Amino acid sequence: MPRILIIDDEKAIRNTLKEILEFEDYKVDQAEDGPSGLDLLIQQKYDVVLCDIRMPKMDGLEVLERAQKMGTDAAFIMVSAHGNIDTAVEATKKGAYDFLPKPPDLNRLLVTVRNALDRTKLATETKTLKKKLSVTSKGSEMIGSSAALGTVRKAIEKVAPTDARVLITGPNGAGKEMVARQLHELSNRAQGPMVEVNCAAIPSELIESELFGHEKGSFTSAVKQRIGKFEQADGGTLFLDEIGDMSLSAQAKVLRALQENKITRVGGEKEISVNVRVLAATNKDLLQEIADKNFREDLYHRLSVIVIKVPALNDRREDVPELVQKFLNDIAADYGTKPKKIDDAAMSYLQGLDWRGNIRELRNVVERLVIMSDDTISESDAKAFAGK
């Protein structure tokens, strides 16, 4: 349940706002002045703060400044009976989400609170993504010294600093997502969000809402406004994984977004400008999909400014030893144990297997060997548990 804090020295105003917001199923707390409000912000996480500007002890703009320094994620909506344009501009400069006159219009209040909640949710998701990226940045490093992987690395180094769209091809489990992460991390957008969409995992009737968002009431289950992945990725990178599984209607809208750098939410009319670099990946032959009329040729040419083909593990078998050692270390770290060793015969056996599931399959096999083997993984262990 979203949590809202009201900071106002007028008890009647606090109680009225509390009653209205609780009717909308929000959890509401109150503070009678700035210092009390800051104490609550320290003790409790809030999504939105409604803060009066003129108060004794501490005015609302000072409360806003101090809350910003505390690192609060809450969206501040400033409220005042004495406000003017200069006050609103100053509040916005200090980080306020919006400014409302007192007493606020009921409809405008509720719309502003809902939008502020979406903003808070988006900010939280962005922080989570950035944290995830920082934690996994080492894990996104591609392991191997083969010539095939070297070609991919060179392409990434050249393309990453640009805003060129990239189509990443290759079989399942080969590391297409890892290539996308490296492109983002080495780009000028690295400080922005990287938002991933698995087009194959989302039902065709929901993909447009997922990508572009929707307005409240635009369809039966649209009980509130939703911010789509294009908006979430604004200023950063949008990774469309398994783009070959996207419906033709969604492809048309993606094409328009790429052409105009604008999107329209489902059920909405307003055009929203977005600044997004799009990376796409597929395990399908898109040229064949175009011939079969399953994929738009104009979208293909928009996405494939640069094409990076990720080699199958069978085409870079010399990388298997490095990958196995990496997985042994990672799995030991996950389990909190000492990394297991693997003898040369076992490694040679693994290197000679047919890895149809590519790196993903190899990682699963190594984890199985760690679980089922003694301190040193032998060739007999590999033959018994590699599942070939």
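We count residues from 1, following the sequence as given. In this text, all values refer to a predicted model and were calculated from it rather than measured experimentally.
The shortest side-chain heavy-atom distance between F230 and I272 does not fall under the 4.5 Å cut-off. Side-chain contact check for D245 versus K284: some heavy-atom pair is nearer than 4.5 Å. The closest side-chain heavy-atom distance from I20 to L110 is below 4.5 Å. I331 has its side chain within reach of R363: a pair of non-hydrogen atoms, C-beta onward, lies under 4.5 Å apart. Taking the side chain as every heavy atom from C-beta outward, E208 and S249 approach each other to under 4.5 Å. Residues V366 and L323 are not in side-chain contact: their nearest non-hydrogen atoms beyond the backbone lie 4.5 Å or more apart. When side chains are defined from C-beta on, D52 does not count as touching I13, because their heavy atoms never get closer than 4.5 Å. Contact annotation: the side chain of F327 never approaches that of I143 to less than 4.5 Å [non-hydrogen atoms, C-beta and beyond].
Residues passing the side-chain contact (heavy atoms from CB on, under 4.5 Å) test with A96, sequence neighbours excluded: L64, M78, A91. Every residue meeting the salt bridge (charged side-chain N to carboxylate O under 4.0 Å, His left out) condition with E379, not counting sequence neighbours, appears here in chain and number order: K383. The salt bridge (charged side-chain N to carboxylate O under 4.0 Å, His left out) search around E231 returns R265, not counting sequence neighbours. Qualifying side-chain contact (heavy atoms from CB on, under 4.5 Å) partners for T264, counting only residues two or more places apart in sequence or in other chains: R256, E271. The side-chain contact (heavy atoms from CB on, under 4.5 Å) check on A174 picks up P171, V310, N358, with sequence neighbours excluded. Judged as a side-chain contact (heavy atoms from CB on, under 4.5 Å), and not counting sequence neighbours, the contacts of A233 are V195, L238, V276.
Under a 3.5 Å cut-off, the side chain of T120 and the backbone N or O of D47 do form a donor-acceptor pair.
The two residues L255 and R296 come nearest to each other via the heavy atoms CD2-NH2, 3.6 Å. Heavy atoms only, all atoms of each residue included: D33 and I7 are closest at O-CG2, 3.5 Å. E361 and D354 get closest at one heavy-atom pair: OE1-O, 4.4 Å. Across every non-hydrogen atom of I306 and A164, the tightest pair is CG1-CB, 4.3 Å. Nearest approach of A160 to R277, heavy atoms of both residues: O-NH1, 3.0 Å. Across all their heavy atoms, I207 and A250 have their closest contact at CG2-CB, 3.6 Å.
Put simply, I202 and V278 are part of the same group of oily side chains (I, L, V, M, F, W, Y) that touch within less than 4.5 Å, one to the next.
Using a 4.0 Å cut-off between charged side-chain N and carboxylate O, E210 and R226 make a salt bridge. Note on E62 versus R66: salt bridge recorded, some NZ/NE/NH1/NH2 to OD/OE distance being below 4.0 Å. Using a cut-off of 4.0 Å between Lys/Arg side-chain N and Asp/Glu carboxylate O, K224 and D118 are scored as not salt-bridged.
Atom OG of residue S273 and atom CG of residue D234 lie 9.0 Å apart, to the nearest 0.5 angstrom.
When each of H214, E215, K216 is checked for a side chain to side chain donor-acceptor pair (under 3.5 Å) with Q225, only E215 meets the rule.
Shown here is K18, whose NZ atom has more than 12 heavy atoms of other residues, nucleotides or ligands within 6.0 Å.
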